[in-house]
Protein chains: 2
Amino acid sequence: MDTVERLIQSTQELLWERGYVGTSPRAIQRRAGAGQGSMYHHFSGKPDLALAAVRRSAEQMRAAADAALSAPGTAVERVSAYLLREREVLRGCPIGRLTQDPDLIASPDLRQPVDETFAWLRRRMAEVLAEGRAGGELAPGLVPEETAAAVVAVVQGGYVLARAAASPEPFDQAVRGALALLAAGAPAAS
Amino acid sequence: MDTVERLIQSTQELLWERGYVGTSPRAIQRRAGAGQGSMYHHFSGKPDLALAAVRRSAEQMRAAADAALSAPGTAVERVSAYLLREREVLRGCPIGRLTQDPDLIASPDLRQPVDETFAWLRRRMAEVLAEGRAGGELAPGLVPEETAAAVVAVVQGGYVLARAAASPEPFDQAVRGALALLAAGAPAAS
DNA sequence: GTCTATAGCTAGATAGAC
DNA sequence: GTCTATCTAGCTATAGAC
């Protein structure tokens with residue numbers, strides 16, 4: 001693996017663990033095993049390197065979500081697959097955690113991939129839910145965009161509850177709660 | 001207002017805006033209009049001052065949530081009041097945002113008030129939902145603890161989506177989505 | 001491409017005068 | 001109680017040699 005790649009991956013890890021404010025160029029260099037001069041040769045500075053890392057993490061998150069949402073199965077099965085997919089709950093969401101970083105969110109360049117990732121996720125989730133509604137799996141009264149936002153929010157908020165408790169349990173509870181509500185929203189139950 | 005009070009309130013504000021890692025003693029002193037010596041006279045250091053500030057914010061969040069959840073009205077009305085209560089959405093949750101702070105979450109003392117606040121909120125929400133279920137407002141199939149975790153997670157995740165989008169809209173969508181799912185979980189709809 | 005040197009600034013605190 | 005001085009370390013680069 002070349003230096004550029006090691007720098008990007010180290011930055012991804014540190015942004016996930018410590019956020020933008022908590023991540024120093026020095027720490028990145030140490031983790032990547034690269035020198036000062038090397039880093040500044042390939043990237044103009046911390047914001048530039050962070051941008052590359054955030055874009056990479058955004059791609060990966062999108063791919064993982066799409067794997068669940070575009071798999072074969074009914075709409076509810078695919079949403080369930082998204083909610084139940086294996087996660088390192090206590091580490092939180094590598095993209096979602098960036099929304100708490102004032103300096104990152106204040107930069108249009110750095111916020112853009114974060115924004116686009118969640119916009120895409122909500123849209124894709126809404127498509128799946130709309131299919132489910134059209135196919136009679138979900139009550140016609142549920143607005144796909146709103147249900148989608150709620151489902152995505154349960155996951156992001158689940159991370160918050162889990163980290164507060166230092167336990168994955170509240171995350172799992174929230175997911176089960178969301179699944180039960182979706183089941184209750186099935187027309188069969190109406 | 002005395003110096004101690006100004007220091008605590010300034011720390012509350014800065015922790016909300018910038019988190020623990022992003023908040024320096026220097027910045028606190030400047031905002032509070034207090035000198036170096038003054039701060040270190042009243043508090044042993046940054047962790048000590050942060051603890052006082054986090055406890056204060058936790059009290060305030062709990063009081064605000066309890067106002068909605070213990071108000072008169074049906075269970076669903078009270079949960080709705082909690083979800084719909086006035087919020088500065090783009091600023092995020094002053095307690096929830098702290099869960100993204102590795103140094104804070106790594107300290108048992110500092111994490112404790114955060115943990116207790118969400119534990120209390122989930123418990124209180126579950127009580128209200130259990131009342132609603134007992135009173136026939138909610139389907140017997142909905143487990144109060146799980147539904148409670150989902151509802152609280154929708155709010156915390158809603159903040160994440162809103163900050164990513166730099167707009168309160170996704171938060172409001174998620175809340176409407178959650179309310180619709182709760183309505184779909186009413187036995188009248190079964 | 002990578003290294004070392006240098007630089008101005010802030011973090012987080014301690015010490016002692018007033 | 002509050003002030004100023006001082007301290008070690010780290011942050012975020014830039015400059016120029018190799």
Side-chain angles (χ1 to χ4, degrees), chain A residues 1-56 97-98 100-111, chain B residues 1-56 97-98 100-111:
Chain A
M1 194 168 43
D2 69 355
T3 303
V4 169
E5 190 59 25
R6 286 204 315 279
L7 283 166
I8 293 178
Q9 292 188 15
S10 298
T11 307
Q12 284 185 277
E13 292 171 15
L14 283 164
L15 286 179
W16 193 359
E17 293 166 20
R18 306 198 44 82
Y20 185 77
V21 171
T23 295
S24 68
R26 217 161 175 276
I28 294 169
Q29 293 152 26
R30 293 226 288 156
R31 186 167 302 205
Q36 194 98 307
S38 187
M39 190 199 108
Y40 283 101
H41 173 74
H42 294 291
F43 298 92
S44 70
K46 175 173 161 175
D48 188 30
L49 185 41
L51 183 57
V54 172
R55 284 183 173 151
R56 178 74 64 86
R97 81 99 61 226
L98 301 176
Q100 302 305 321
D101 246 303
D103 294 354
L104 189 144
I105 234 60
S107 153
D109 284 356
L110 286 169
R111 188 175 62 78
Chain B
M1 195 168 45
D2 68 356
T3 301
V4 169
E5 190 59 25
R6 286 203 317 279
L7 283 166
I8 292 178
Q9 291 187 14
S10 298
T11 306
Q12 283 185 277
E13 293 171 14
L14 283 164
L15 286 179
W16 193 359
E17 292 167 20
R18 306 197 44 82
Y20 184 76
V21 171
T23 296
S24 68
R26 217 160 174 276
I28 294 169
Q29 292 152 26
R30 293 227 285 157
R31 187 168 300 207
Q36 193 98 307
S38 187
M39 190 198 107
Y40 283 101
H41 173 76
H42 294 292
F43 298 93
S44 70
K46 175 172 160 174
D48 188 30
L49 185 41
L51 183 57
V54 171
R55 284 183 172 151
R56 177 76 63 86
R97 80 97 63 228
L98 300 176
Q100 302 305 322
D101 246 302
D103 294 355
L104 188 144
I105 234 61
S107 153
D109 284 356
L110 285 170
R111 187 175 62 78

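Each chain gets a letter, A, B and so on, in the order its sequence line appears, and its residues count up from 1.
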Derivation of the side-chain contact (heavy atoms from CB on, under 4.5 Å) call for B/L49 and B/K46 | CA-CA 5 Å; B/L49 185 41; B/K46 175 172 160 174; 6.0 Å; no
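Spacing between atom CD1 of B/I28 and atom C1' of C/dA13 amounts to 13 Å, rounded to whole angstrom units. Look at CE on A/M39: it is 16 Å from P on C/dT4, rounded to the nearest Å. Atom CG in A/L49 sits roughly 13 Å away from atom C1' in D/dT12 (whole-Å rounding). In this entry the distance linking CD of A/Q29 with P of D/dT12 reads 10 Å, nearest Å. Here the C1' atom of nucleotide D/dG10 and the CZ atom of A/R30 are 11 Å apart, to the nearest Å. Atom P of nucleotide C/dA13 and atom NE2 of B/H42 are separated by 17 Å, given to the nearest angstrom.
Listed by residue number, the members of residues 3-27 of chain B with any heavy atom below 4.0 angstrom from DNA chain D are B/T3.
With a 6.0 Å radius and a threshold of 12 heavy atoms from other residues, nucleotides or ligands, B/R31 has its CZ atom above the threshold.
Between A/V4 and A/F43 there is a side-chain heavy-atom pair separated by less than 4.5 Å. By the 4.5 Å heavy-atom criterion applied to side chains, B/S24 and B/R30 are not counted as neighbours. Inter-residue side-chain proximity for B/R18 and A/D103 is flagged as met; some heavy-atom pair is nearer than 4.5 Å. Residues B/I105 and B/D101 fail the side-chain proximity criterion, which asks for heavy atoms closer than 4.5 Å.
Checked against D/dT12, D/dT2, C/dA13, the side chain of A/K46 finds its nearest nucleotide in D/dT12. Checked against D/dA13, D/dT2, C/dA13, the side chain of A/Y40 finds its nearest nucleotide in D/dA13.
Here the rule is side chain to side chain donor-acceptor pair (under 3.5 Å) with A/Q9, and of A/E5, A/Q12, A/R6 only A/E5 fits it.
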Below 3.5 Å between N/O atoms, which protein atoms pair up with nucleotides 3-5 of chain D? Just atom names and distances, please.
unit_1, atom_1, unit_2, atom_2, d
D/dC3, OP2, B/G35, N, 3.3

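Note that OG1 of A/T11 and CG of A/L51 are 11.5 Å apart. Values are rounded to the nearest 0.5 Å. The line from OG1 of B/T3 to CD1 of B/I8 is 11.0 Å long, rounded to the nearest 0.5 Å.
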